**Q** 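One structure coming up, written as structure tokens, with questions to follow.
If you're wondering where the values come from, they're calculated on a predicted model, not measured in any experiment. Numbers restart at 1 for each chain; the letters A, B, ... are given by sequence-line order, proteins then strands.
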2 protein chains.
Amino acid sequence: MVANDAFGSFLRDIPRSTPHASTACGLQKLAHLLPICRGSMVPLDPTENSLAYVASGATKLIASASGGREQIVAFHFRGDLVSVPGNAWHSYDLCALVDTQILLFPAREFIDLTRTDPAFEDILLERSLTALHRCRDKAVGLGRKNAQERLASFLVGMAERIGTREDGTTILDLPMSRRDIGDSLGLTIETISRQFGELRKSGLVQTVGRCRVELCDLAELAKRAGHA
Amino acid sequence: MVANDAFGSFLRDIPRSTPHASTACGLQKLAHLLPICRGSMVPLDPTENSLAYVASGATKLIASASGGREQIVAFHFRGDLVSVPGNAWHSYDLCALVDTQILLFPAREFIDLTRTDPAFEDILLERSLTALHRCRDKAVGLGRKNAQERLASFLVGMAERIGTREDGTTILDLPMSRRDIGDSLGLTIETISRQFGELRKSGLVQTVGRCRVELCDLAELAKRAGHA
DNA sequence: CGTGCCGTTGAAGGTTCTCAACCGTGGTGG
DNA sequence: CCACCACGGTTGAGAACCTTCAACGGCACG
């Protein structure tokens, strides 16, 4: 059963150990299993914080500023738990990059339920801190780096998360478009394209078709990313 | 006793209720009370995540990228709890804006100690999520906003946190310099200065001396901040 | 095989940065 | 108490980087 598969992988990915039967049961009742088509938004309650577990697929978390400008705040992949702010300065949407299965929870109830279960005890805190530290590293890039450093930084980060190594080079199959990369790095698609060109010329990167990127020299790329 | 004052305000600010005596005692042993002079860094273990409680004063959390570029990732004020990443792409420092008292904890031990105490149960999670959501809102500004919107956004944010209202106008006594504001917004001091000039000309802001800023029309300022 | 979208490339323009000089405030010492 | 000094802030001109606008190319899908 598909529903059970998604919840099953949730129970495998998130808690540190087997949770209490009552917690698991309560969470299952709380969860909404949502199949989201590529390009569609996860239907969120805009007044409450939400927690979304990515059972399969990949998503982008979009913040909308005035004037139709969009900033992608984070990408997420299978097994990730996303905290989406309900009330904030900007409005947030979670959008599927490919066909995706989401388990959606209201954050408050989720926390109330898992509070007393040692299996969930501080896993949420750990995940939040990881997200916070990623977001801070991202903020450094947005505030203080030029286009090439930002793209290099992006590629190194993706390599860590979804890269596969193959005799010395790292293979990336990116589920996001150039526009998404631009919206994530605070740049335009044209600039992204030009910087890919530069990295190609430097022999650090090869692109195959639209999605595949091969990173030939990850160490040099990290240098160009300005990671201090 | 000064040490007890700092730890006392910690116990008043952070836990939701009175913690177990054993938790409180363990935390007190774990804590290092550090008086930090204006402009000095909090001595952090660069290999471990740290938690810093701001007992008094104000701090900036600085990330250093290569080439001596600095990005201020967050400001903190009395009562705030700061999570400082140990190992990340960029190196982080916590710096006092004014003479400040810090209670410093190693994050791991802090979490281990408070894990089973209902008074601390999810307060850490809540604080982390607040920090995460602030950081995301900041990322939107750094990625997609022009100088004026960033400064307006900064002022509105500070008004929420340390502003005092006085017959219609909001008074801000900023503990940070123009350079700090620039380093926080990904801009130079010159741009900050020019944008202050613009806001003054628009009649939205008055500046008194170096530190005091008076916000005459908070609603209009929020509009200019591009909060959607 | 055609079509449409995504990505690439080029030229012009704008916002912010850089460099430089100046000003004002606040603090110190005579 | 005043004068001076140093630092932080302001203002101006020129340059850099990225954006905008526009046209073209190519992969993937029907």
**Q** Counting only side-chain N and O atoms of A:Thr188, is one of them less than 4.0 Å from OP1 or OP2 of D:dT19?
**A**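 True: A:Thr188 side-chain N/O within range (under 4.0 Å) of D:dT19 OP1/OP2.
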
**Q** Once you round it to whole Å, what is the distance between P of C:dG7 and CD of A:Glu198?
**A**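 Rounded to whole Å, this separation is 19 Å.
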
**Q** For B:Arg194 and for A:Phe196, find the nucleotide of DNA chain C with the closest heavy atom, then tell me which residue's nucleotide is more 5'.
**A**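 Nearest nucleotide further toward 5': that of A:Phe196.
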
**Q** Looking at B:Arg178, I'd like to know whether one of its side-chain N or O atoms comes within less than 4.0 Å of OP1 or OP2 on D:dT10.
**A**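 Looking at the OP1 and OP2 atoms of D:dT10, one of them is under 4.0 Å from a side-chain N or O of B:Arg178.
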
**Q** Between the base of C:dT25 and the side chain of B:Arg212, is there any donor-acceptor pair under 3.5 Å?
**A**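 No.
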
**Q** Measure CG/B:Leu187 against P/D:dA16 and give the value in whole Å, please.
**A**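 Answer to the nearest Å: 20 Å.
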
**Q** Is a salt bridge present between A:Glu198 and A:Arg194, judged by a nitrogen-to-oxygen distance below 4.0 Å?
**A**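 Salt bridge flag = no for A:Arg194 with A:Glu198.
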
**Q** Would you say D:dC18 has OP1 or OP2 under 4.0 Å from some side-chain N or O of A:Thr191?
**A**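 False: A:Thr191 side-chain N/O out of range (4.0 Å or more) of D:dC18 OP1/OP2.
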
**Q** Would you mind telling me which of D:dT10, D:dC18, C:dC17 lies closest to the side-chain atoms of A:Asn146?
**A**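 Of all the options, the side chain of A:Asn146 is nearest to D:dC18.
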
**Q** Over how many whole Å does the gap from A:Ile192 atom CD1 to D:dC18 atom P extend?
**A**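 These atoms are roughly 10 Å apart.
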
**Q** Using heavy-atom distances to pick each residue's nearest nucleotide on DNA chain D, tell me which of A:Gly209 and A:Gln148 is more 5'.
**A**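 Residue closer to the 5' terminus by nearest nucleotide: A:Gln148.
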
**Q** Measure from CD on A:Gln195 to C1' on D:dC18 and round the result to the nearest Å.
**A**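 Spelled out: CD on A:Gln195 to C1' on D:dC18 is 10 Å.
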
**Q** Which pairs count as ring pair (Phe, Tyr, Trp, His ring centres under 6.0 Å) when at least one residue sits in residues 43-67 of chain B, sequence neighbours excluded?
**A**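 Pairs touching residues 43-67 of chain B that pass the test: B:Phe10-B:Tyr53.
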
**Q** What's the CZ-P distance between B:Arg179 and D:dG9, to the nearest Å?
**A**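 About 9 Å, once rounded to whole Å.
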
**Q** Reckon A:Gly182 touches a base, only the sugar-phosphate, or nothing at all at heavy-atom distances under 4.0 Å?
**A**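 Nothing: the residue A:Gly182, judged by heavy atoms under 4.0 Å, touches no strand.
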
**Q** Find the distance B:Asp180:CG to D:dG9:P and express it as a whole number of Å.
**A**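 It works out to 9 Å between those atoms.
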
**Q** Using heavy atoms to find the nearest nucleotide of DNA chain D for A:Arg210 and B:Met176 separately, return the residue whose nucleotide is more 5′.
**A**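 Mapping each residue to its closest nucleotide by heavy atoms, the 5'-most match is B:Met176.
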
**Q** Evaluate the criterion side chain to side chain contact (heavy atoms under 4.5 Å, CB included) for residue pair B:Asn49 and A:His133; output intermediate values, then yes/no.
**A** CA-CA 10 Å; B:Asn49 293 355; A:His133 297 171; 3.7 Å; yes

**Q** How many Å lie between CD on A:Glu190 and P on C:dG13, as a whole number?
**A**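 The answer, rounded to whole Å, is 17 Å.
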
**Q** So, for B:Thr207 and B:Arg178, which heavy atoms are closest and what is the spacing to 0.1 Å?
**A**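 Heavy atoms of B:Thr207 and B:Arg178 come nearest at CG2-NH2, 4.2 Å.
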
**Q** Could you tell me how far apart A:Ile189 (CD1) and D:dT19 (C1') are, to the nearest whole angstrom?
**A**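 Checked: the CD1 to C1' distance equals 11 Å.
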
**Q** Do A:Arg161 and A:Phe75 meet the cation-pi criteria used here (NZ or CZ under 6.0 Å from the six-membered ring centre, within 45° of the axis)?
**A**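 Pair A:Arg161/A:Phe75 does not count as cation-pi.
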
